[in-house]
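A note on names: the letters A, B, ... follow the listed sequences, proteins ahead of strands, and every chain is numbered from 1.
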Amino acid sequence: MANICIVGATSAIAEATTRHFAARGDRLFLVGRSPDKLAMIANDMRVRGAAQVETFVLDVNDLDRHVEMLETAEGAFGPLDVVLIAHGTLPDQRECERSVAKTLDAFQTNAISTIALLTEVANRFEARERGVIAVISSVAGDRGRQSNYVYGAAKGAVNIFTQGLRNRLAKKGVAVVTIKPGFVDTPMTAHLPKNALFASPEDVGARIFRAIERREDVVYVPWFWFFIMTLIRHIPERIFKRLNL
Amino acid sequence: MRKRYESWGKYPKHQPASVYRLRWHTETPPFDRFDRPVLAYGLGRSYGDVCLNENGILLDTARMAHFIAFDEERGVLRCEAGVSLKHILDLIVPRGWFLPVTPGTKYVTVGGAIANDVHGKNHHREGTFGRHVTQFELLRSTGERLLCSPTQNSDLFRATIGGLGLTGLITWAEIKLRPIKSAYIDMERIRFGSLDEFFDISARSDTRFEHTVAWLDCIAQGSALGRGVFLRGNHSEEPGPLRPSKAPRLYVPFDFPSFVLNPLSMRAFNTFYYYMHTPTRSQKRVHYESFFYPLDAVRRWNRIYGRRGFIQYQCVVPPDDRVEVMRELLTLIARSGRASFLAVFKEFGEVASPGMLSFPRKGVTLALDFPFEGEATLRLCEQMDAIVREAGGVLYPAKDARMSGEDFRRFYPQWETFRRYVDPAFSSSFWRRVMGETPANRTNGA
């Protein structure tokens, strides 16, 4: 029985992933902003077989409370085995271009809060020399594109940060898993027109669960995004800058 | 993938003006901002237009699918309305429980099962799905949330079961499960050569078998008319593995061209199925998946009927002149040469259905598919309607795409009482059709 902490537990992808831990009978510490939604997910996970479920209401931008959150989790269950950081927002690129505040907000939620949390978790896991830290980043972090570079830059920061962290913690037996989903059909993308590239949260959740189990490094979900992004990353900048991506 | 809002029969093709997706049973859709009629849509497994709302708003409930509580001692499960029967089976089978009543597919939501008051192979014992619903919450467009049960808001409880989604939005429901010792069914298959033989076997099976159903060759004529295969079974009493089903491996990737299903291929299939079951009688222990959900093995099997889709015709006729009435229907069907795969045939029992508009009642029910071929198909169905009407039978709204409003009101005279419980903001393509309302220039359906 493992102790799992999920930050951003009410997101559709996090929920789909958490169901696999619940079915296995793990202990779950669910962190999110809405007590109402957390309670509904907690009930669902209990029915599905989670050994114990605790919830913690937190706005991840409240950086001062990260330690309190982790201490509460470990106070309830003992040392955590897995921390999955899944929170995020998809900012409106156009609005960000017109507003410094909006741009910094997007950065705060998608990069700064994650980096702050990772720092705390990493130190705890490093001292114990075990555990898995998984972060849901995005394929958008692989290259800056005009349509989505604020979000992309934040996710890019997370990608580089986790890459370095993985390098540091690999020697200590701690796995850092960077998950890069493509388009997923969730409330976050509800406003986007859907196409054949969209994956279901269930499929993505199953893949993330497996990646955590296998302590993988960088995971594109679904797998074909690896090829799409490899292609996109290799387009020379002089051509890329003229494209409408 | 882009989600399409069609019914299982792909006829009629009615698109909503917009879709509002729900994820939590506590959220209230902005009813005051909706300027068109509203209808809940789950997994789109009803065949005709009860799940469609042309130019209206669909409330997509497929992701409002959380479990709420499970009392493993008593077998009582509470979940959101978008939870599918598949999700429930995956959860409860390993813990020794099973659905009290299940239709022929597990890809339906709990909300849909209630709204159509679905039935299964054990109707003669357990009645409809609605009989095992202990309570549910109904969200009305006023924002009011009503707990409905046989004792609380009992009128709305009865109106909502089989109420075709018209009384409001079912947000969560509680159902009573049945215990099992194994995921396996002890099944018997018996070949029969005529309708008389069917009724004879059926009469002898009902007390000994919880589940009974027959597949009928609906193409055979003359002396072979009414031949088929009778299936009966019980949940195995011998403790066995409690393993839920595996995911289906077969998939129909696109709509088949129309020539695939032709009179010749249909005849071959029906004949093959009949003779496949040699000897005339066999016993076997099978997993519940192959017993209850043979068609679930092929994802999106409805595509074999092509882009035009199909009509499923299901009626029930009272026991009085059942042999004559069924013979008349089968003769008509066989002569038309339009029927496709096997027809499903079953005797319903005495157990009263709880819903005001519930379809199942004492008698014998026949269900079969017709590839949709326009006018000719509709005319054949109308000829069948006349026989059903004459016999005092009724048609099943969950399967219907074409019955006349006059017939609906004759079959379900309770509609006048029922109408009082319809939520004024809710309507469906079906409801407007049978109530003779035009879809245009209306903002509500009651």
| message | Within this structure, what is the CG-NE2 distance for the pair A/N43 and B/H66, rounded to the nearest 0.5 Å? | response |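 A/N43 atom CG to B/H66 atom NE2 measures 10.0 Å (nearest 0.5 Å).
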
| To the nearest 0.5 Å, what is the distance between CE (A/M40) and CD1 (B/I68)? | 8.5 Å

Which atom pair, heavy atoms only, marks the closest approach of [X] to [Y]?
X	Y	result
B/A65	A/R19	O-NH2, 3.3 Å
B/R23	A/I41	NH2-CD1, 4.4 Å
B/F67	A/D44	N-OD1, 2.6 Å

| Salt-bridge criterion met for A/R48 and B/D90 (N-O under 4.0 Å) | no

I'd like to know whether [atom1] of [X] has more than 12 heavy-atom contacts from other residues, nucleotides or ligands below 6.0 angstrom.
X	atom1	result
B/R178	CZ	yes
A/H234	NE2	no
B/R33	CZ	no
B/R307	CZ	no
A/F183	CZ	no

| field | Derivation and outcome, salt bridge (Lys or Arg N to Asp or Glu O under 4.0 Å), residues A/E15 and B/R63 | value | CA-CA 11 Å; A/E15 184 183 8; B/R63 294 212 173 277; over 6 Å; no

| field | Among the listed options A/A190, A/A23, A/P201, the residue most often paired with chain B at heavy-atom distances under 4.5 Å | value |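 It is A/P201.
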
| query | For A/A39, is it the side chain, the backbone, both or neither that has a heavy atom under 4.5 Å from a heavy atom of chain B? | reply | neither

| request: Please state whether the side chain, the backbone, both or neither of B/R95 comes within less than 4.5 Å of a heavy atom of chain A. | output: side chain

| Heavy-atom distance under 4.5 Å to chain A: side chain of B/E72, backbone, both or neither? | neither

| task | Would you indicate whether the side-chain heavy atoms of A/T10 and B/W24 approach each other to under 4.5 Å? | result |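 Heavy-atom side-chain distance check passes, below 4.5 Å.
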
